[in-house]
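Structure first, then comments.
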Amino acid sequence: MTEFLQACRTAIGAAHVLTEAGDTAGYLTDQRGRYTGRAVAVLRPADTAEVAALVKLCAQYQVPLVPQGGNTGLVLGSVPDQQGNAAVLSLRRLNRIRAVDTVNNTMTVEAGCILQHIQEQAASAERLFPLSLAAEGSCTIGGNLSTNAGGTGVLRYGNTRELCLGLEVVSAQGEVMSSLKGLRKDNTGYDLRDLFIGAEGTLGVITAAVLKLFPQPRAQVTALVALDTPAQALQLLQQAQQHCGPALTGFELMSDICLRLVCKHFPEQRLPFAQHHPQYVLLELSDSESEEHARTLFESLIGEALEQSLVNDAVIAASLAQSRALWELRENISMAQAHEGKNIKHDISVPISRIADFISTTDALLQAASPGCRMVTFGHLGDGNLHYNVSPPLGVADTDFIAQQAAINLVVHDSVDRFGGSISAEHGLGALKREEITRYKSPVELQMMRAIKLALDPQQLMNPGKVL
Ligand SMILES: Cc1cc2nc3c(=O)[nH]c(=O)nc-3n(C[C@H](O)[C@H](O)[C@H](O)COP(=O)(O)OP(=O)(O)OC[C@H]3O[C@@H](n4cnc5c(N)ncnc54)[C@H](O)[C@@H]3O)c2cc1C
């Protein structure tokens with residue numbers, strides 16, 4: 001190992017080969033502080049050539065490699081295991097914007113660029129890069145691509161996969177594959193780009209990407225509506241899509257308990273209604289004409305829904321500050337739930353048409369399994385994706401409740417499976433769900449995935465113990 005570390009120091013400079021506990025700690029523990037792994041070193045290359053040199057050294061010395069971006073992932077994909085024989089490869093120093101092409105509407109960026117920085121650079125070129133998630137101030141585009149991140153704009157713009165036109169990747173052998181041409185059409189065989197997107201660092205290291213840019217909307221207007229049931233929310237979604245077309249960019253469902261927790265733990269935040277209602281939907285319109293046009297669309301949509309008694313009450317944000325305040329209600333749910341105590345999280349998707357039935361059926365199954373458990377259900381209803389989180393019944397200790405985690409996961413994930421859904425909608429499998437997925441993916445799919453892994457990473461050094 002000494003020889004390996006010395007070779008790494010020669011390749012990228014001693015200052016960027018971290019081995020002291022004080023220097024490596026932040027790279028070894030996951031974002032929620034649930035797991036701490038061990039590593040021989042944290043390696044911090046500055047560019048693609050240095051990544052390639054390090055990957056070659058790992059192959060030569062048989063050192064497993066864990067690529068890491070912002071380490072905000074939620075499935076233990078970006079931290080090493082307990083064996084202590086792996087190296088963490090931090091991509092954060094690859095943080096250059098290589099090019100912005102406003103005619104091709106593309107931006108070429110390095111993997112360690114922070115998502116928010118990319119959004120800002122796009123805005124300064126009067127373009128929109130629409131990927132948006134609560135971790136955008138610290139997650140990297142390499143991590144977004146490797147997890148095929150979703151977020152709040154998927155309804156209109158798609159997942160990260162749909163926002164990427166090409167990749168530069170360092171293979172498990174340390175070779176550089178580049179497809180950074182920025183082409184919208186290129187049918188020349190297998191789509192290698194799509195293999196690496198969502199691979200969670202198990203097939204190679206993404207070092208750069210060409211991203212799609214979009215026109216900036218002229219206006220963004222946010223509304224919060226109160227209603228009684230997820231089925232009504234689903235009906236409203238159809239009406240909103242019919243009414244607003246592609247201007248509808250956000251449609252987020254939140255149950256009452258979510259907003260009660262936010263108001264309890266963030267007392268400066270308030271529910272903008274006189275009373276509580278069972279469910280809420282946050283809608284966002286991104287309008288290419290004007291703010292007035294967006295407001296008119298919202299007013300007629302919501303007016304109609306009120307007349308039909310589909311919604312009980314509604315507010316349309318009158319200013320940017322009010323719009324931010326509405327979004328903060330949504331974005332603070334996870335944090336509020338964490339302040340409340342430990343909980344069991346599920347990031348699931350089902351076909352949009354089945355989501356209301358899924359919620360009522362699975363809520364009932366969970367009440368039978370763990371009477372009094374509190375359902376903190378929220379998420380991207382417009383994508384069929386829910387964060388279907390379960391908090392302990394009042395009065396039950398966190399630790400007693402967490403002891404039931406495997407049983408509760410089984411209830412939820414078996415139900416997801418019966419509804420034709422996925423047990424990981426946007427966070428990936430990482431180490432957290434890699435065993436569980438074998439219950440739900442067909443043997444033929446798993447076999448094909450293993451064959452791809454073996455073909456691209458025959459030494460099995462790329463992020464071992466993740467996904468498969
Ligand atoms: C508050 C909060 C909100 C979130 N909201 C959302 C959300 O709405 N939607 C969503 O999808 N996710 C969400 N996430 C999860 C997380 O932010 C995303 O998964 C994000 O894409 C991870 O980016 P990262 O740079 O932090 O990657 P990391 O956590 O560092 O890594 C994630 C995975 O990608 C691999 N990886 C990282 N960089 C590379 C690379 N360059 N090459 C190859 N492999 C690589 C890692 O090995 C790991 O398997 C949220 C997380 C938090 C903390």
Side-chain angles (χ1 to χ4, degrees), residues 26-34 37 42 45 48 51 55 64-80 86-95 109-118 131-154 159-161 163 167-172 195-209 250 252 330-338 345 347 349 378-380 383 385-387 424-434 457 462-467:
Y27 298 87
L28 303 182
T29 297
D30 81 296
Q31 126 85 31
R32 286 199 189 130
R34 288 166 301 178
V42 173
T48 305
V51 173
V55 175
L65 197 60
V66 181
Q68 188 182 92
N71 196 18
T72 69
L74 298 174
V75 291
L76 308 182
S78 53
V79 288
V88 172
L89 183 78
S90 169
L91 278 304
R92 286 187 229 175
R93 290 180 67 221
L94 277 77
N95 58 6
V109 302
E110 293 187 345
C113 288
I114 300 289
L115 173 56
Q116 194 175 331
H117 181 58
I118 293 174
L131 181 65
S132 176
L133 43 131
E136 62 199 22
S138 44
C139 64
T140 63
I141 193 68
N144 302 147
L145 286 158
S146 299
T147 56
N148 186 26
T152 52
V154 175
N159 291 319
T160 312
R161 183 187 302 283
L163 302 175
L167 290 179
E168 178 186 85
V169 172
V170 172
S171 73
L195 265 186
F196 290 99
I197 296 175
E200 300 181 54
T202 60
L203 300 179
V205 182
I206 296 174
T207 49
E252 299 282 309
R330 161 68 180 85
E331 282 165 3
N332 283 330
I333 298 172
S334 294
M335 199 62 86
Q337 204 185 7
K345 295 189 190 300
D347 162 41
S349 64
F378 63 99
H380 318 295
D383 316 327
N385 172 199
L386 291 177
H387 300 305
S424 183
E426 59 176 9
H427 295 160
L429 296 172
L432 202 63
K433 295 185 185 167
R434 118 189 143 108
D457 178 23
M462 294 301 310
N463 215 359
K466 316 291 164 59
V467 180

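One-based numbering, in listed order, for ligands and for the atoms of each.
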So among V169, L91, L94, which one has a side chain to side chain contact (heavy atoms under 4.5 Å, CB included) with V205?
L91
What is the nearest protein non-hydrogen atom to atom 20 (C) of ligand 1, stated with its residue, atom name and distance?
N144 ND2, 3.5 Å
Give the contacting part of T147 toward ligand 1: side chain, backbone, both or neither, where contact means a heavy-atom distance below 4.0 Å.
side chain
Shortest non-hydrogen contact from T140 to G69?
OG1-CA, 3.4 Å
If you count the atoms of ligand 1 from 1 in the order shown, which ones are under 4.0 Å from a heavy atom of G142?
38 (N), 39 (C), 41 (N)
Counting only heavy atoms closer than 4.0 Å, does ligand 1 sit against the backbone of T152, its side chain, both, or neither?
neither
L133 versus ligand 1: do any nitrogen or oxygen atoms come within less than 3.5 Å of each other?
no
Between V170 and V51, what is the shortest heavy-atom contact and its length?
CG2-CG1, 3.8 Å
Consider every N or O of E200 and every N or O of ligand 1, then say whether any pair is closer than 3.5 Å.
yes
Enumerate the atoms of ligand 1 whose separation from the nearest heavy atom of L91 is less than 4.0 angstrom.
41 (N)
Any heavy-atom pair between the side chains of P67 and M462 that's under 4.5 Å?
yes
Is there a nitrogen or oxygen of V66 sitting under 3.5 Å from a nitrogen or oxygen of ligand 1?
no
Do me a favour and list the nearest non-hydrogen protein atom to atom 24 (P) of ligand 1 with residue, atom name and distance?
G70 N, 3.5 Å
Heavy-atom proximity to atom 43 (C) of ligand 1, best of S334, G379, S146
S146
G204 neighbourhood, listing ligand 1 atoms whose heavy-atom distance to it stays under 4.0 Å
43 (C)
So the atoms of ligand 1 within less than 4.0 Å of a heavy atom of G143 turn out to be 21 (O), 23 (O), 24 (P), 25 (O), 27 (O), 37 (C), 38 (N)
Which one holds for A111 and ligand 1: side chain close, backbone close, both close, or neither close, with close meaning a heavy atom under 4.0 Å?
side chain
Identify which of Q68, K466, H427 has a heavy atom lying nearest to atom 12 (N) of ligand 1.
H427
So, for I114 and S138, which heavy atoms are closest and what is the spacing to 0.1 Å?
CD1-O, 3.5 Å
Closest contact, heavy atoms only, Y27 versus Q68:
O-NE2, 2.9 Å
Looking only at N/O atoms, are S138 and ligand 1 under 3.5 Å apart anywhere?
no
So which heavy atom on L76 is nearest to which on R34, and how close?
CD2-NH2, 4.0 Å
Using a 4.0 Å cutoff against the non-hydrogen atoms of G201, which atoms of ligand 1 qualify?
43 (C), 44 (N)
G151 near ligand 1 by a heavy-atom separation under 4.0 Å
yes
Quick one: look up the protein heavy atom nearest atom 31 (O) of ligand 1 and list residue, atom name and how far away it is.
S78 CB, 3.5 Å
For T48 and E168, test the side chains for any donor-to-acceptor distance below 3.5 angstrom and give the result as yes or no.
yes
Can you say whether the rings of H387 and H427 are parallel (under 30°), tilted (30 to 60°) or perpendicular (over 60°)?
parallel
Nitrogen or oxygen atoms of I206 and ligand 1 under 3.5 Å apart
yes
Pair N144-L131, side-chain contact (heavy atoms from CB on, under 4.5 Å): steps then yes or no
CA-CA 9 Å; N144 302 147; L131 181 65; 3.6 Å; yes
So, is V205 polar-close to ligand 1, with some N/O to N/O distance under 3.5 Å?
no
Do you know which of V88, V79, T29 makes side chain to side chain contact (heavy atoms under 4.5 Å, CB included) with N71?
V79
Near A149, which atoms of ligand 1 are under 4.0 Å from a heavy atom of that residue?
11 (O), 21 (O)
Tell me the protein heavy atom at minimum distance from atom 1 (C) of ligand 1, and give that distance in Å.
A134 CB, 4.0 Å
Value rounded to 0.5 Å, distance of OG in S349 from CG in L386:
9.0 Å
Answer yes or no: does an N/O atom from G73 fall short of 3.5 Å to an N/O atom of ligand 1?
yes
What are the two closest non-hydrogen atoms of A172 and D457, and how far apart are they?
CB-OD1, 3.6 Å
Is K466 paired with E200 through a side-chain N to carboxylate O contact shorter than 4.0 Å?
no
Please determine if Q31 has a nitrogen or oxygen closer than 3.5 Å to a nitrogen or oxygen of ligand 1.
no
Under 4.0 Å from a heavy atom of N463: give me the atoms of ligand 1 that qualify, with their elements.
47 (O), 49 (O)
Just verifying a value: how many Å separate D347 CG and E426 CD, rounded to the nearest 0.5 Å?
5.0 Å
Taken to the nearest 0.5 Å, the spacing of S146 OG from N463 CG works out to 9.5 Å
The side chain to side chain contact (heavy atoms under 4.5 Å, CB included) partner of I197 among N159, T160, N148 is N148
the protein heavy atom lying closest to atom 16 (C) of ligand 1 turns out to be T72 OG1, 3.3 Å
Just to confirm my output: which protein heavy-atom neighbour is closest to atom 10 (C) of ligand 1, and how far is it?
E426 CD, 3.6 Å
Should P67 be counted as touching ligand 1, given the test is an N or O pair under 3.5 Å?
yes
Considering non-hydrogen atoms of the protein only, which is the closest contact for atom 50 (C) of ligand 1, and what is the distance?
L74 CD1, 3.8 Å
Looking at G150, which atoms of ligand 1 are within less than 4.0 Å of one of its heavy atoms?
9 (N), 10 (C), 11 (O)
If you measure from CG on L163 to CZ on R161, what distance do you get to the nearest 0.5 Å?
11.5 Å
Identify the closest protein heavy atom to atom 2 (C) of ligand 1: which residue and atom is it, and at what distance?
A135 CB, 3.8 Å
